[in-house]
Asker: 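Questions regarding the structure given below will be posed in turn.
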Amino acid sequence: MKKALLTGITGQDGSYLAEFLLARPDYEVHGLVRRSSSLNRQRIDHLFHTDGNAGRFHLHYADLADAANMSALMESIRPDEVYNLGAQSHVRVSFDQPLYTADVVGLGTLRLLEAVRVLNRSKPVKFYQASSSEMYGSAPPPQGPGTPFHPRSPYACAKLYGHWQTINYRESYNLFACSGVLFNHESPRRGESFVTRKITLGATRIKEGLQRKLVMGNLDAKRDWGFAGDYVRAMWLMMQQDKPDDYVVATGETHSVREFLEMTFGMLDLDYNDFVEFDPRYMRPAEVDVLLGDASKAREELAWEPEIDFPTLVKMMVEHDLELARREKYALGYQTA
Ligand code: NAP
Ligand code: G4F
């Protein structure tokens, strides 16, 4: 049995990666969770009840801000693979909370790397860092290995720090440490305030008469959007290579926020122009205009290919959120009947 330790297991990617690893017979999964006043485990609850997972899925309280606690867990769990997915991952929020974001995303990565370095003295341990296409920022597209970084937010600066520390630990301590520079990836489990999920939730609630308008920011930004389930497979593949390295993971297609709106509302036989309003509150002090990734290295060396294309991704999210909206409407009707 291999032991995998995941930070950020309650998030979108953590839940898909835990599911992916537990579907393999040779993994035990240990997830680090933060204490919160209301439970935040909706994305992973099903893993406790899935056949075959008994005794192979464990949660531990931890925080990337708490070095002592992570070191102690590293020593007691003694994992073979560590996936660092935990982060304050919202770019707009990072402008409101720059120091907190830098602490958790930047220094948090260093705290975890230190714990891994110490464990690696007594047993081999591999480390994966969730780096981000946001690090490319204003670099013109396409962005790929060799493109100079130009971060445009406190989040992106903090991710760049974690990225370089990962490389630094690989070069300084011969640690198996790799960094996946992942472009945007979405799913029905995407956080509700990221733009794709905000759109699919809003449009489906409008369709069901639960909401009248959708208030948005910059519709001209373009992103290379893939499916999160495909992207966690790339993370695992990186960790199975003979040598650690860094990889860009992307679809190689880019679409604007406006196109995402058109497709989503179109699938519901609605015109987004009738419902979308602008609010400067959703603009950022500095924007990343276009992201378009070159994943040719991942395709060649990891034999990785995305399986879900853009229209299929949008359809998957719309269908999921339409079902949620219908249930909400049904529950409301039931209450007022
Ligand atoms: P997400 O849904 O926002 O999940 C973030 C996770 O980090 C949650 O489990 C969250 O826990 C945890 N977390 C937040 N603050 C923490 C702290 N102080 N200590 C420990 N854990 C903490 O993000 P995601 O979309 O799954 O992304 C996973 C990782 O990939 C993140 O590092 C993100 O920055 C990076 N990334 C994402 C994308 C993308 O498009 N999704 C692209 C490139 C890179 P709670 O549930 O308690 O909040
Ligand atoms: O969905 P977003 O908030 O994602 P963003 O900023 O691209 O960051 C995501 O992807 C990164 C990878 O490139 C990750 F590292 C990061 O953790 C996160 O997962 O915004 C996408 C675009 C932006 O240009 C934003 O200005 O959508 C634009 N936008 C327009 N209206 C909006 C809105 N974004 C949000 N969240 N909400 C809006 O109302």
Side-chain angles (χ1 to χ4, degrees), residues 6-18 31-36 38-44 61-66 69-70 83-94 100-101 103-105 107-109 111-112 128-137 143 151-153 155-156 158-159 162-163 179-187 189-199 202 214-228 231-232 235 248-250 255-258 260-261 276-284 286-291 293:
L6 279 59
T7 69
I9 195 165
T10 53
Q12 171 188 254
D13 291 8
S15 69
Y16 280 109
L17 181 62
L32 304 192
V33 293
R34 297 195 291 173
R35 194 267 159 184
S36 65
S38 47
L39 278 184
N40 56 356
R41 303 192 190 155
Q42 304 86 323
R43 294 184 178 107
I44 53 170
Y61 283 112
D63 196 299
L64 282 159
D66 186 343
N69 154 243
M70 282 192 299
Y83 295 85
N84 183 28
L85 310 181
Q88 188 304 91
S89 73
H90 204 285
V91 174
R92 178 67 192 81
V93 172
S94 78
Y100 174 73
T101 303
D103 187 24
V104 169
V105 175
L107 286 177
T109 302
R111 291 183 188 106
L112 195 58
Y128 172 85
Q129 169 62 7
S131 286
S132 166
S133 52
E134 277 290 307
M135 300 184 315
Y136 291 122
Q143 300 96 358
R152 299 266 288 167
S153 64
Y155 167 81
K159 277 287 175 190
H163 178 72
S179 177
V181 183
L182 271 51
F183 281 62
N184 298 52
H185 43 279
E186 319 294 312
S187 74
R189 295 185 200 167
R190 184 56 143 150
E192 297 177 4
S193 62
F194 294 97
V195 78
T196 56
R197 190 79 199 287
K198 179 171 168 179
I199 292 171
L214 184 59
V215 183
M216 308 278 309
N218 176 16
L219 305 190
D220 296 319
K222 296 178 100 178
R223 291 291 181 272
D224 180 331
W225 280 300
F227 171 54
Y231 286 42
V232 300
M235 296 175 188
V248 165
V249 179
H255 299 273
S256 65
V257 174
R258 196 182 299 282
F260 199 102
L261 278 167
V276 173
E277 287 181 10
F278 173 73
D279 190 326
R281 187 157 57 106
Y282 295 109
M283 298 296 281
R284 294 156 187 205
E287 177 62 283
V288 171
D289 294 324
V290 187
L291 289 175

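Remember, it's 1-based here, ligands and their atoms both numbered in the order they're listed. Computed over heavy atoms, backbone and side chain alike; hydrogens, waters and symmetry mates excluded.
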Asker: At what distance is the nearest protein heavy atom to atom 2 (O) of ligand 1, and which residue and atom is it?
Answerer: Gln12 N, 3.0 Å
Asker: Under 4.0 Å from a heavy atom of Ser131: which atoms of ligand 1 are those, numbered in the order shown and with their elements?
Answerer: 43 (C), 44 (C)
Asker: Apply side-chain hydrogen bond (donor to acceptor under 3.5 Å, both in side chains) to Asp289 and list each qualifying residue two or more places apart in sequence or on a separate chain.
Answerer: none
Asker: Number the atoms of ligand 1 from 1 as they appear, then name those within less than 4.0 Å of a heavy atom of Ser89, with their elements.
Answerer: 1 (P), 3 (O), 23 (O), 33 (C), 34 (O)
Asker: Evaluate the criterion side-chain contact (heavy atoms from CB on, under 4.5 Å) for residue pair Leu17 and Tyr128; output intermediate values, then yes/no.
Answerer: CA-CA 12 Å; Leu17 181 62; Tyr128 172 85; over 6 Å; no
Asker: Output yes when a side-chain donor or acceptor of Lys198 lies under 3.5 Å from a complementary backbone atom of Leu214, and no otherwise.
Answerer: no
Asker: Does ligand 1 have any atom sitting under 4.0 Å from a heavy atom of Lys159?
Answerer: yes
Asker: Does the pair Met235 and Leu85 meet the rule for a side-chain contact (heavy atoms from CB on, under 4.5 Å), with working shown?
Answerer: CA-CA 10 Å; Met235 296 175 188; Leu85 310 181; 3.9 Å; yes
Asker: Whether the Gln143 and Ser133 side chains hold a donor-acceptor pair (N or O, under 3.5 Å, no angle test) is what I'd like checked.
Answerer: no
Asker: So is Asp63 in contact with ligand 1, going by heavy-atom distances below 4.0 Å?
Answerer: yes
Asker: Got an N/O contact under 3.5 Å between Arg43 and ligand 1?
Answerer: no
Asker: From the options Ser36, Gly11, Ala87, select the one whose nearest heavy atom is closest to atom 12 (C) of ligand 1.
Answerer: Ala87
Asker: Nearest heavy atom to atom 34 (O) of ligand 1: which of Tyr231, Phe194, Tyr100, Tyr155 does it belong to?
Answerer: Tyr155
Asker: Suppose we measure from atom 48 (O) of ligand 1 to each protein heavy atom; which comes out shortest, and what is that distance?
Answerer: Arg34 NH2, 2.8 Å
Asker: For Gly162, does its backbone N or O pair with a side-chain atom of Thr109 as donor and acceptor, under 3.5 Å?
Answerer: no
Asker: Apply salt bridge (charged side-chain N to carboxylate O under 4.0 Å, His left out) to Arg281 and list each qualifying residue two or more places apart in sequence or on a separate chain.
Answerer: Asp279
Asker: Just to confirm my output: which protein heavy-atom neighbour is closest to atom 29 (C) of ligand 1, and how far is it?
Answerer: Leu85 O, 3.1 Å
Asker: Taking only residues two or more places apart in sequence or in another chain, which ones pass side-chain contact (heavy atoms from CB on, under 4.5 Å) with Thr196?
Answerer: Glu186, Arg190, Trp225, Phe260, Met317
Asker: Is there a donor-acceptor contact under 3.5 Å from the side chain of Arg43 to the main chain of Thr10?
Answerer: yes
Asker: Quick check: do Met135 and His163 have side-chain heavy atoms less than 4.5 Å from each other?
Answerer: yes
Asker: Evaluating non-hydrogen atoms only, which member of Asp13, Leu32, Leu182 is closest to atom 24 (P) of ligand 1?
Answerer: Asp13
Asker: Could you check if a side-chain atom of His90 sits within less than 4.5 angstrom of a side-chain atom of Thr101, using non-hydrogen atoms only?
Answerer: no
Asker: Given side chains that start at C-beta, do those of Met70 and Asp66 come closer than 4.5 Å, heavy atoms only?
Answerer: no
Asker: At their closest point, which heavy atom of Ala87 faces which heavy atom of Val105, and how far apart are they?
Answerer: CB-CG2, 3.9 Å
Asker: Considering only non-hydrogen protein atoms, determine which one is nearest to atom 6 (C) of ligand 1 and report residue, atom name and distance to 0.1 Å.
Answerer: Gly8 CA, 3.6 Å
Asker: What protein heavy atom sits nearest atom 46 (O) of ligand 1, and how far away is it?
Answerer: Thr10 OG1, 2.6 Å
Asker: Which of the atoms in ligand 1, numbered in the order shown and given with their element, are less than 4.0 Å from a heavy-atom of Ala130?
Answerer: 29 (C), 30 (O), 32 (O), 35 (C)
Asker: Any atom of ligand 1 sitting under 4.0 Å from a heavy atom of Arg190?
Answerer: yes
Asker: If you have a sec, work out which protein heavy atom is nearest atom 20 (C) of ligand 1 and how many Å separate them, to one decimal?
Answerer: Leu64 N, 3.5 Å
Asker: Give one line per pair: atom of ligand 2, protein atom, distance. Only N/O to N/O under 3.5 Å.
Answerer:
residue, atom, partner, partner atom, Å
ligand 2, 1 (O), Val195, N, 2.8
ligand 2, 3 (O), Arg284, NH2, 2.9
ligand 2, 6 (O), Arg284, NH1, 2.5
ligand 2, 7 (O), Asn184, ND2, 2.9
ligand 2, 7 (O), Arg223, NE, 2.8
ligand 2, 10 (O), Asn184, ND2, 3.0
ligand 2, 13 (O), Ser133, OG, 2.6
ligand 2, 13 (O), Asn184, OD1, 2.7
ligand 2, 17 (O), Ser89, O, 2.7
ligand 2, 17 (O), Tyr155, OH, 2.8
ligand 2, 19 (O), Arg190, NH1, 3.2
ligand 2, 19 (O), Arg190, NH2, 2.9
ligand 2, 20 (O), Arg284, NH2, 3.4
ligand 2, 24 (O), Arg223, NH2, 3.0
ligand 2, 24 (O), Glu287, OE1, 3.0
ligand 2, 24 (O), Glu287, OE2, 2.9
ligand 2, 26 (O), Glu287, OE2, 2.6
ligand 2, 31 (N), Gly217, N, 2.9
ligand 2, 36 (N), Ser193, O, 2.9
ligand 2, 39 (O), Lys198, NZ, 2.7

Asker: What residue and heavy atom of the protein are closest to atom 47 (O) of ligand 1, and at what distance?
Answerer: Asn40 ND2, 2.8 Å
Asker: Provide, to 0.1 Å, the distance between atom 40 (O) of ligand 1 and the closest protein heavy atom, together with that atom's residue and name.
Answerer: His185 N, 2.9 Å
Asker: For the pair Tyr16 and Phe227, name the ring-plane relationship: parallel under 30°, tilted 30 to 60°, perpendicular over 60°.
Answerer: perpendicular
Asker: Using a strict cut-off of 4.0 Å, indicate which atoms of ligand 1 neighbour a heavy atom of Asn184.
Answerer: 40 (O)
Asker: To the nearest 0.5 Å, what is the distance between CZ on Arg189 and CD on Gln42?
Answerer: 11.5 Å
